[in-house]
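Below you'll find the structure, written out as structure tokens, and then a few comments.
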Amino acid sequence: MSKENHYQVIVIGSGPAGLTAAIYASRANLKVLVLEGLNSGGQLMITTDVENYPGFPEGIMGPDLMVAWREQAERFGSVLKQIDATQIDIKGGSPFRVTTDEMEYFGDALILATGASARWLGIESEQALMGYGVSACATCDGFFFQGKDLAVIGGGDTAMEEAGFLTRYANKVYIIHRRDELRASKIMGDRAIKNEKIDFIWDSVVEEVIGTKEEGVSGLRLKNLKTNEESVLEVQGMFLGIGHTPNSDLVKDFIDMDENGYIKADPGSTKTNIDGIFAAGDVRDHVYRQAVTAAGSGCMAAIDAERWLEARESAE
């Protein structure tokens, strides 16, 4: 292990949690490496206008915010590499060996900030209009759809919650579900059914999102799975409510997780079950999933890591 590839803190992930952790750790005069991943920047890289992040009264484009975040981390000395971590070896404890396609790195402390990925339908038109009327976050984007007709895809609690939130802004919300009954809890389903602004379209899937980047979404081409009948639903936005998948496969063999793959941490802390490894952001948060909460937990992880390193040094 050479000094060149040995860092006091290695941050894995480069969204709001990872870059905030890097900023705080670097400002504490720690030697910090950020393994950004090949798709750096997290979910804000596919977000257009961000109007709910404090400090930007006129809003800011998601990619522009991440560029500024990245530059701030580098300003304080963080080393950022746009490569994926492919394996972590915790045998023998700290320093932990982190393997990439480029080389091996060693970190006295690790901060896992790999985020979560929204589940998408996987159709070409959906990807083409992502950020132009197609969204997976009602809390983030609902404000932009005042007085519009919207569709929410899904039949679980996430879809019911998204649809209910969107009724604050929308004229009408259609919940499109591939089955003829909801998977949501009874209380969430009943709440949606009783909402006068919500209608249900059962046994149906989205075949195509209609629209352009210039004009946004104008409709959805639907297919009824029982009759094979196709129809067009005129809406101005489509929200995915089929959940998120935490990006935790890298550490599934040794980090404690819940049944859905979200990393567990000690209450009031970012400490995981492995001494010296901390978790921040959406990879451990299935409740809020906001840039500002991810950034806050990144700050917490950096402070936890700094204090852990200091206590370890004092004990030696």
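Bear in mind the structure is a predicted one, so any value in this text is a computation, not a measurement.
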Measure across Gly276 and Phe96 and return the closest heavy-atom pair with its distance rounded to 0.1 Å.
-> O-CE1, 3.8 Å

Given side chains that start at C-beta, do those of Ile111 and Ile12 come closer than 4.5 Å, heavy atoms only?
-> no

Pairs in or reaching into residues 10-24: which pass side chain to side chain donor-acceptor pair (under 3.5 Å), with residues at least two apart or in two chains?
-> Thr20-Trp69

Over all atoms of both residues, closest heavy-atom pair of Cys140 and Asn52 | CA-ND2, 4.0 Å

Should Met300 and Val292 be regarded as members of a common hydrophobic cluster, given that ILVMFWY residues are connected when their side-chain heavy atoms come within less than 4.5 Å of each other, either directly or indirectly?
-> no

When you look at Thr272 and Ile263, which way does the side-chain contact (heavy atoms from CB on, under 4.5 Å) test go after all the steps?
-> CA-CA 8 Å; Thr272 70; Ile263 293 176; 4.0 Å; yes

Measure from the side-chain N and O atoms of Gln236 to the backbone N and O of Val217, and report whether any donor-acceptor pair falls under 3.5 Å.
-> no

Worked verdict on Val9 versus Leu33 for side-chain contact (heavy atoms from CB on, under 4.5 Å) | CA-CA 6 Å; Val9 177; Leu33 170 67; over 6 Å; no

Does a side-chain heavy-atom distance below 4.5 Å link Val173 with Phe239?
-> no

Nearest atoms (heavy-atom pairs only) where Gly37 meets Asp84 | CA-OD1, 3.0 Å

Do Val98 and Ile277 belong together in a cluster built from hydrophobic side chains that touch within less than 4.5 Å?
-> yes

For Cys299, which residues count as a disulfide (SG to SG under 2.5 Å) partner, sequence neighbours excluded?
-> none

Side-chain heavy atoms of Ser248 within contact of Met257, under 4.5 Å = yes

Any idea how Phe278 and Trp308 line up, ring-wise: parallel (<30°), tilted (30 to 60°), or perpendicular (>60°)?
-> perpendicular

Heavy-atom donor-acceptor pair, Glu306 side chain to Ala302 backbone, under 3.5 Å | no

Lys NZ or Arg CZ of Arg27 over Phe76 ring: under 6.0 Å, within 45° | yes

If two hydrophobic side chains count as joined below 4.5 Å and joins carry through other members, does Phe145 share a cluster with Val50?
-> no

Return yes if some donor-acceptor pair links the side-chain N/O of Lys148 with the main-chain N/O of Asn171 below 3.5 Å, else return no.
-> no

Which side chain to side chain donor-acceptor pair (under 3.5 Å) pairs, counting each pair once, include a residue from residues 200-215, with sequence neighbours left out?
-> Glu208-Arg221

Exactly one of Val232, Leu129, Leu233 clears side chain to side chain contact (heavy atoms under 4.5 Å, CB included) with Ile210, and that residue is Val232

Evaluate the criterion side-chain contact (heavy atoms from CB on, under 4.5 Å) for residue pair Leu30 and Asp108; output intermediate values, then yes/no.
-> CA-CA 11 Å; Leu30 297 174; Asp108 296 328; over 6 Å; no

Just wondering, do Leu112 and Ile255 contact through their side chains at under 4.5 Å, heavy atoms?
-> yes

With side chains defined as the heavy atoms from C-beta onward, is the minimum distance between Ile153 and Val206 less than 4.5 Å?
-> yes

When you look at CZ of Phe254, are more than 12 heavy atoms from neighbouring residues, nucleotides or ligands closer to it than 6.0 Å?
-> yes

Side-chain heavy atoms of Leu240 within contact of Val134, under 4.5 Å = yes

Side-chain donor-acceptor pair under 3.5 Å between Asn247 and Ser117, yes or no?
-> yes

Do Phe143 and Leu65 share a hydrophobic cluster, counting only Ile, Leu, Val, Met, Phe, Trp and Tyr and linking them when any side-chain heavy atoms are less than 4.5 Å apart?
-> no

Would Glu71 and Arg75 pass as an ion pair if we require N to O under 4.0 Å?
-> no

Output yes when a side-chain donor or acceptor of Lys81 lies under 3.5 Å from a complementary backbone atom of Val34, and no otherwise.
-> no

Quick check: are there more than 12 heavy atoms from other residues, nucleotides or ligands sitting under 6.0 Å from CD of Glu161?
-> no

All heavy atoms of Thr270 vs all of Ser297, minimum pair found to be CG2-O, 3.9 Å

Applying ring pair (Phe, Tyr, Trp, His ring centres under 6.0 Å), name anything that partners Phe165, two or more places apart in sequence or on another chain.
-> Tyr169

Do NZ/NE/NH1/NH2 and the carboxylate oxygens of Glu230 and Lys223 come within less than 4.0 Å?
-> no

Within-4.5 Å side-chain heavy-atom neighbours: Gln290 and Thr139 | yes

Show your working on side chain to side chain donor-acceptor pair (under 3.5 Å) between Asp141 and Ser135 and close with a plain yes or no.
-> CA-CA 7 Å; Asp141 299 328; Ser135 172; 2.6 Å; yes

Pairs satisfying side chain to side chain donor-acceptor pair (under 3.5 Å), at least one member in residues 175-193, at least two apart | Asp157-Ser185, Asp180-Lys226, Lys186-Asp190

Kindly indicate, with the supporting measurements, whether the criterion side chain to side chain donor-acceptor pair (under 3.5 Å) is fulfilled by Thr100 and Thr86.
-> CA-CA 5 Å; Thr100 71; Thr86 57; over 6 Å; no

Taking the side chain as every heavy atom from C-beta outward, state whether Thr99 and Ile88 have any pair of such atoms under 4.5 Å apart.
-> no

Count the heavy atoms of every other residue, nucleotide or ligand shown that sit under 6.0 Å from CD of Gln146, and state whether that count exceeds 12.
-> yes

Apply side-chain contact (heavy atoms from CB on, under 4.5 Å) to Tyr174 and Leu150, showing your working.
-> CA-CA 6 Å; Tyr174 298 93; Leu150 305 176; over 6 Å; no

Test item: Asp258 side-chain N/O and Gly261 main-chain N/O as donor-acceptor pair under 3.5 Å = yes

Using a cut-off of 6.0 Å, state whether more than 12 heavy atoms not belonging to Ile187 lie near its atom CD1.
-> no

Between Tyr262 and His286, is the ring centre distance below 6.0 Å?
-> yes

Does Lys31 offer a backbone N or O that forms a donor-acceptor pair with the side chain of Gln8 under 3.5 Å?
-> yes

Joint cluster assignment, Val205 & Ile176, ILVMFWY side-chain distance < 4.5 Å = no

Residues which pass side-chain hydrogen bond (donor to acceptor under 3.5 Å, both in side chains) with Gln127, listed by chain and number, not counting sequence neighbours | none

